[in-house]
Amino acid sequence: MLVAAAGLTMGLAAGGILLVVVLGYAQTRSVHSESMDTAQGVARLIEQEALPNPIPVTPGVQVQVIDSQDRVTAVSTTADRLVPILYAEELRDLPDGRSVVIPGNRIGFDGQARVVKVTAGPPTDPLRILVARSTNEITQSVHLLRITLLILFPLLVALLAAGLWRALGAALRPVDALRAGAEEITGGTREGRLPVPDSRDEIFRLAVTLNGMLHRLDAARARQRAFVADAAHELRSPLTNMRTELEVAQRLPDDTDWPGLADDLLADVQRLSRLVDDLLLLARQDENARQDENARQDENTRPDGNGRDGNGRPAGRRFEQIDLGQLVGETAQRYPDVTYRDPDAPMPLLAEPDALARVVANLLDNAVRHRRSQVVASVAEDGPHLLITVTDDGPGIPEADRERVFQRFTRLDDARARDAGGSGLGLAIVHELVRKHGGTVTLGDAQPGLKAVVRLPR
């Protein structure tokens, strides 16, 4: 605000100085022009040999006609008939059609006078015409303007500063409200929302944008806290079980079945290893999702202008051409109780093989844990998409819970009671990896059992 006021003051001062200079120059030019007109009029009378004596002129003007001998031959009524207006050297050095400023008291004027010289008559006997006009009125008018500006300038600056202070204060008041709101949010005295002004201007849009950012940050923090809490809970269970078994074995070494204890500890270690692997995979997927979002916002880093490859998948991933039927078949072979229906033709797909193998393995793990007698896996075509279908004849999942099970660490009550070693991350990983390929995963009713369908774009 101080910088703006200083700039305004300097601008007004420069404008005032420029006004004084321009006005003085304009009036000086006007005096010179009027004097030249008078001199040229006298020159025409000389050419016509009709010059009267005395020469009629307007009041405040003196005219003299001087011959080559520096003698005054004709004058106006107010001019001296004997002494020229200019001294001999001034008269000699002044070019024709130019003017010179002399002290006014020399010819009876107050202040200063401007004298114009014009030559007339034949070249052999030239006559020099001198027209003198007082510049006292110009000096007084310029002086009056200077005094007026010196008086009014401080008042004008004060009024403008007050108006600028009020205008900027009103404009910056919403910004100060945003600052105070941010300080309260930082101090923890209010919820994570900034006050939104009533005006529909840039400050309003800034507040809405910042509130959207705060909402996303709050949601991310909430998800992070929930994720950390669930991860801690899942990690604590096998660790507690291992600690209990070891403490019992330490207190009762003679009664401990050491081979059985080793098997139990190995099972818990394997469960911990799977859980840690799942957590790391989800963390990598979150980081990839964040990078994809940044790539979409950065026009210069997008391969084809939209941050994705020609198939709509995130650019920069290790995608390659695979046979989806062969990949699903090789994964299903690791499960003796799974029936795989091999398609009749190759199913080419541009994808990340390890990620899709993890998707199929997680779906088969989930189906095998909940089946009653059989699990069936198949691959089929559906227009521009390829479908991976995994069906079991277990209890299924209620329709109201089929979206919720894709959230992290979500396990239904009946599954928690029967699920051996499930961490609630399998379907969440499936959802993230399928989404990375630009596809979708849905759960349906197999009557009886559950049918999981993965739809992938070719």
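Just so we're clear, the structure is a prediction, and the values are computed from it rather than from any experiment.
- Taking 4.5 Å as the limit, every side-chain heavy atom of T391 sits out of range of all side-chain heavy atoms of V375.
- With respect to R243 and E247, a salt bridge is recorded, a charged nitrogen being found less than 4.0 Å from a carboxylate O.
- With 3.5 Å as the limit, one finds a donor-acceptor pair spanning the side chains of S141 and Q27.
- Between atom CD of residue E352 and atom NE2 of residue H437 there is a gap of 5.5 Å, rounded to the nearest 0.5 Å.
- The structure places CG of N136 at 9.5 Å from CD of Q112, a figure rounded to the nearest 0.5 Å.
- When every heavy atom of S99 is checked against every heavy atom of V116, the shortest pair comes out as CB-CG2, 3.7 Å.
- K451 is not listed as a side-chain neighbour of D445, based on a closest heavy-atom distance of 4.5 Å or more.
- No side-chain donor-acceptor contact under 3.5 Å links T440 and R455.
- Panel note: side chain T28, backbone G24; a donor-acceptor pair is recorded below 3.5 Å.
- Rounded to the nearest 0.5 Å, atoms CD (E320) and CG (L350) are 8.5 Å apart.
- V359 pairs in a side-chain contact (heavy atoms from CB on, under 4.5 Å) with only one of the listed residues (V390, V441, V454), which is V454.
- Looking at heavy atoms from C-beta onward, I429 lies in side-chain contact with R358 at the 4.5 angstrom threshold.
- In terms of heavy-atom proximity, W258 sits nearest to A249 at CH2-CB, 3.9 Å.
- Residues M36 and V118 form a side-chain contact, since some pair of their non-hydrogen atoms from C-beta on lies under 4.5 Å apart.
- From L145, atom CG reaches atom CD of Q140 across 13.5 Å, with rounding to the nearest 0.5 Å.
- In this structure, CD on E399 lies 11.0 Å from CG on L443, to the nearest 0.5 angstrom.
- You'll find the side chain of M242 reaches within 4.5 Å of the side chain of V269, heavy atoms only.
- Looking only at distances, no side-chain donor or acceptor of Y340 sits under 3.5 Å from a matching main-chain atom of V379.
- What you find for P395 and R372 is that their closest heavy atoms are N-NH1, 4.1 Å.
- Closest non-hydrogen pair, L178 versus A207, comes out as CD2-CB, 3.8 Å.
- The shortest non-hydrogen separation linking L364 to A377 is CD2-CB, 4.2 Å.
- Not one N or O on the side chain of D393 forms a donor-acceptor pair closer than 3.5 Å with the backbone of P448.
- L427 places a side-chain heavy atom less than 4.5 Å from the side chain of L363.
- You'll find the side chain of L456 reaches within 4.5 Å of the side chain of L349, heavy atoms only.
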Dump the intermediate steps for salt bridge (Lys or Arg N to Asp or Glu O under 4.0 Å) on D337 and R371, then the final yes or no.
CA-CA 10 Å; D337 299 328; R371 67 179 176 84; 2.6 Å; yes

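- By the 6.0 Å contact criterion, CD on Q321 is enclosed, its count of non-hydrogen atoms from other residues, nucleotides or ligands being greater than 12.
- Of all heavy-atom pairs between D392 and A446, the closest is O-CB, 4.1 Å.
- Atom OG1 of T58 sits about 7.5 Å away from atom CD of E34, to the nearest 0.5 Å.
- Dense packing is recorded around CZ of R205, with more than 12 heavy atoms of other residues, nucleotides or ligands lying under 6.0 Å away.
- A salt bridge does not link D96 to K117: none of the charged nitrogens lies less than 4.0 Å from a carboxylate oxygen.
- Residues N366 and H370 meet the side-chain proximity criterion, which asks for heavy atoms closer than 4.5 Å.
- More than 12 heavy atoms of other residues, nucleotides or ligands shown are found within 6.0 angstrom of CZ on F204.
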